[in-house]
Protein chains: 2
Amino acid sequence: MGKRVTINDVARTAGVSRQTVSRALNDKGEIDSSTKQRVLDAARELGYRPSRFARGLVRQDSTTIGLVIPDLLNPFFTEVAHGALEAARARGWHVIVYDTADSTDEERRTIEVVVSQVDAVVGYFSLAEAELDQHLSGMPVVLIGRDHQTPRFSSIHIDGEKGVHEAVDHLVAAGHRRIGMLDHVSRVKPSPSLRRVWFTDAMTGHGLDATVVGHTAQSVDGGAEALTELLAEHPDLTAVFTYNDVVAIGALRAARRLGLVVPKDLAVVGFDGLQLGTVVDPALTSVALDTTRIGALAIEQAGRLLAGDAQLPPEELQVNAVLLVRNSA
Amino acid sequence: MGKRVTINDVARTAGVSRQTVSRALNDKGEIDSSTKQRVLDAARELGYRPSRFARGLVRQDSTTIGLVIPDLLNPFFTEVAHGALEAARARGWHVIVYDTADSTDEERRTIEVVVSQVDAVVGYFSLAEAELDQHLSGMPVVLIGRDHQTPRFSSIHIDGEKGVHEAVDHLVAAGHRRIGMLDHVSRVKPSPSLRRVWFTDAMTGHGLDATVVGHTAQSVDGGAEALTELLAEHPDLTAVFTYNDVVAIGALRAARRLGLVVPKDLAVVGFDGLQLGTVVDPALTSVALDTTRIGALAIEQAGRLLAGDAQLPPEELQVNAVLLVRNSA
DNA sequence: TTGAAAGCGCTACCAT
DNA sequence: ATGGTAGCGCTTTCAA
């Protein structure tokens with residue numbers, strides 16, 4: 001650990017005071033240009049770099065937000081992260097990205113350290129609010145895709161109801177009556193997903209049977225497997241709605257393996273509206289979320305919490321889904 | 001901006017000195033447990049959170065590394081980022097991710113701020129070393145996929161030669177003779193890519209013509225378009241090697257549109273070996289890079305630079321490609 | 001077990 | 001144009 005070069009070393013070398021060094025380095029006026037040059041030269045020669053901490057301590061600005069996501073390799077979260085990064089950059093804030101590897105233990109470890117590293121935290125959590133609150137004491141927290149109970153938390157609400165209804169309407173209008181779903185049940189909260197609830201509502205609204213539901217892991221392979229099983233039990237299905245796009249892509253593959261042509265023999269509708277849906281063939285029809293906006297909103301809300309500003313009204317903290325019709329349905 | 005709650009406020013409220021507060025909060029021994037509880041209660045009540053800066057200033061540990069990538073939405077960079085995050089977490093370091101939106105201007109803006117935010121920087125840069133050096137003065141820099149000239153820089157070298165040779169060998173062994181390439185030429189450095197050079201070498205090694213090369217943008221649509229054009233000019237091609245997997249996926253789509261069955265009518269080989277290659281059908285055969293290792297290596301090397309430790313030998317700072325045979329060739 | 005004093009590296013403010 | 005002084009919020013000696 002080489003000794004750190006401080007502003008004092010530079011000052012001594014350049015034969016000036018620290019304040020003059022500070023002026024030269026921060027491009028303040030009120031300094032002779034030859035002095036400035038001498039200081040800059042000395043700094044360069046010594047390999048001087050100002051301490052972030054000392055700077056941060058004295059200039060109370062610099063905001064850092066922690067973004068916690070379950071899996072950076074999942075394109076959905078990448079899109080959200082992209083939106084958050086963009087929004088943060090526009091404000092001159094930093095974002096530290098934490099990947100909890102979809103593991104509760106890793107999430108625990110993350111919230112334990114995050115508290116000393118950032119000013120506010122936004123993202124996806126599976127832990128109970130009590131536990132989050134305990135570790136994240138006093139720090140603003142914005143939950144994404146999960147409503148908060150404790151008042152000191154905040155959340156970005158994802159409302160897919162309208163979009164899912166549009167999707168079912170679309171399928172029904174195309175003549176589909178026997179529509180199945182590939183649902184995903186989280187290990188943490190083992191109950192039917194919200195997406196399934198929306199789907200059921202929409203189906204019963206049309207007087208259709210919404211009970212044909214398979215379960216799938218959140219992966220391409222999982223989706224392929226689940227569709228194969230579902231079709232084995234219900235060969236009369238003409239359309240399927242899936243928990244998300246990744247699962248839908250697996251379904252697309254399985255359909256092809258079974259010799260079904262999408263959308264003619266089987267229509268497939270995903271959820272999320274990822275870019276990824278355009279690389280498969282046929283391009284995926286999906287209930288689309290504005291992922292960039294989700295990230296941006298989370299940052300915005302964190303900023304307000306931090307500044308003690310008025311919070312966004314609930315309707316602004318909500319992201320609605322809309323049906324994005326491409327080619328698979 | 002609500003006044004910040006400091007350790008002094010907690011001390012006053014709890015009726016102890018700051019040092020005692022510090023002890024309570026940092027789980028040091030030498031403190032009465034009732035005193036400790038009183039302090040903790042006061043801290044919680046006031047919503048106290050220690051200043052990262054003050055802490056960092058006094059305990060000179062905490063390392064933060066900046067990861068600069070051109071586009072978080074590109075799965076290649078996401079995989080690299082994933083590797084970097086993982087490696088950093090294992091060391092207890094933080095990573096701040098910067099997305100330069102594939103823009104030189106944005107890259108300039110990034111390097112201007114990055115210097116005051118992190119201890120070292122790793123990633124993808126398009127700017128000249130002189131300019132990087134000027135802004136990143138004194139800070140360790142690890143270039144990925146680009147060799148360094150200046151000694152104070154460091155780089156992770158990507159060697160795809162062996163992998164590309166394997167790919168061409170594989171195609172030739174399958175009977176292919178007329179093999180084209182879809183190359184990408186960067187706006188910044190407009191010369192044939194290294195990947196093309198490797199391809200040409202491999203082809204001429206087999207006594208084959210390596211001049212059938214189309215140019216493509218780095219996107220699915222670009223790849224589709226480029227393949228269509230290339231086949232229009234050279235309808236006798238039986239295989240194509242592409243600049244990367246994203247381009248290859250576009251080629252896959254174009255081939256299907258043209259009524260060609262992959263790999264029977266046209267074999268397609270990508271480059272990168274992304275996970276993404278498994279979601280398309282047929283799954284993409286590709287010259288694969290260990291993206292996780294790239295990210296991890298960059299972090300490792302940055303750490304050594306920071307600590308003044310012995311640098312990794314050049315052969316360790318290199319990532320080799322290998323042919324990953326899936327279904328498209 | 002607790003407290004007083006010093007100081008981490010820097011910038012802001014007020015002198016000169 | 002330059003320097004002196006104070007102080008950001010915290011932890012780390014060292015005394016008591």
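This one's a predicted model, so the numbers in the text were calculated from it and none came from an experiment. Residue numbers begin at 1 in each chain, while the letters A, B, ... track the order of the sequences.
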Under a 4.0 Å heavy-atom cut-off, which of residues 16-28 of chain B touch DNA chain D? B/Arg18, B/Gln19, B/Ser22, B/Asn26, B/Lys28

For a side-chain hydrogen bond (donor to acceptor under 3.5 Å, both in side chains) with A/Gln311, tell me which candidate from A/Glu316, A/Arg304, A/Gln301 qualifies. A/Gln301

For a quick check under 3.5 Å, do A/Thr291 and A/Glu79 share a side-chain donor-acceptor pair by atom type? yes

Would you kindly give the CD1-to-C1' distance between B/Ile31 and C/dG3, to the nearest whole Å? 12 Å

Separation of C/dG3 P from B/Asp32 CG (nearest whole Å): 11 Å

Starting from P on C/dA4, measure out to CD1 on B/Ile7 and report it in whole angstrom. 14 Å

Does any N or O in the side chain of A/Asp133 come within less than 3.5 Å of the main-chain N or O of A/Glu129, such that one atom is a donor and the other an acceptor? no

Whole angstrom is fine here: how far is it from CZ in A/Arg55 over to C1' in C/dG9? 10 Å

For DNA chain D, the residues among residues 37-46 of chain B that have a non-hydrogen atom under 4.0 Å from it: none

Expected output: side-chain B/Ser51 to main-chain B/Ala54 donor-acceptor under 3.5 Å: yes

Listed nucleotide nearest any side-chain atom of A/Leu57, set D/dC8, C/dC10, C/dC8: D/dC8

Report yes or no: does A/Glu106 contribute a side-chain atom to a donor-acceptor pair with the main-chain N or O of A/Asp99 at less than 3.5 Å? no

Between B/Tyr98 and B/Gln117, a side-chain donor and acceptor under 3.5 Å: yes

When the nearest nucleotide of DNA chain C is assigned to B/Ala54 and to B/Gly15 on a heavy-atom basis, which residue is associated with the more 5' position? B/Gly15

Just by distance, with hydrogens left out, do A/Thr64 and A/His94 show a side-chain donor and acceptor under 3.5 Å apart? no

Could you state the atom-to-atom distance from CG of A/Asp119 to C1' of D/dG9 in whole Å? 14 Å

For the pair made of CZ in B/Phe53 and C1' in C/dT11, what is the distance, rounded to whole Å? 14 Å

Working to the nearest 0.5 angstrom, can you tell me the gap between B/Arg55 CZ and A/Leu57 CG? 13.0 Å

With a cut-off of 6.0 Å (strictly less than), are more than 12 heavy atoms of other residues, nucleotides or ligands near CD of B/Gln318? yes

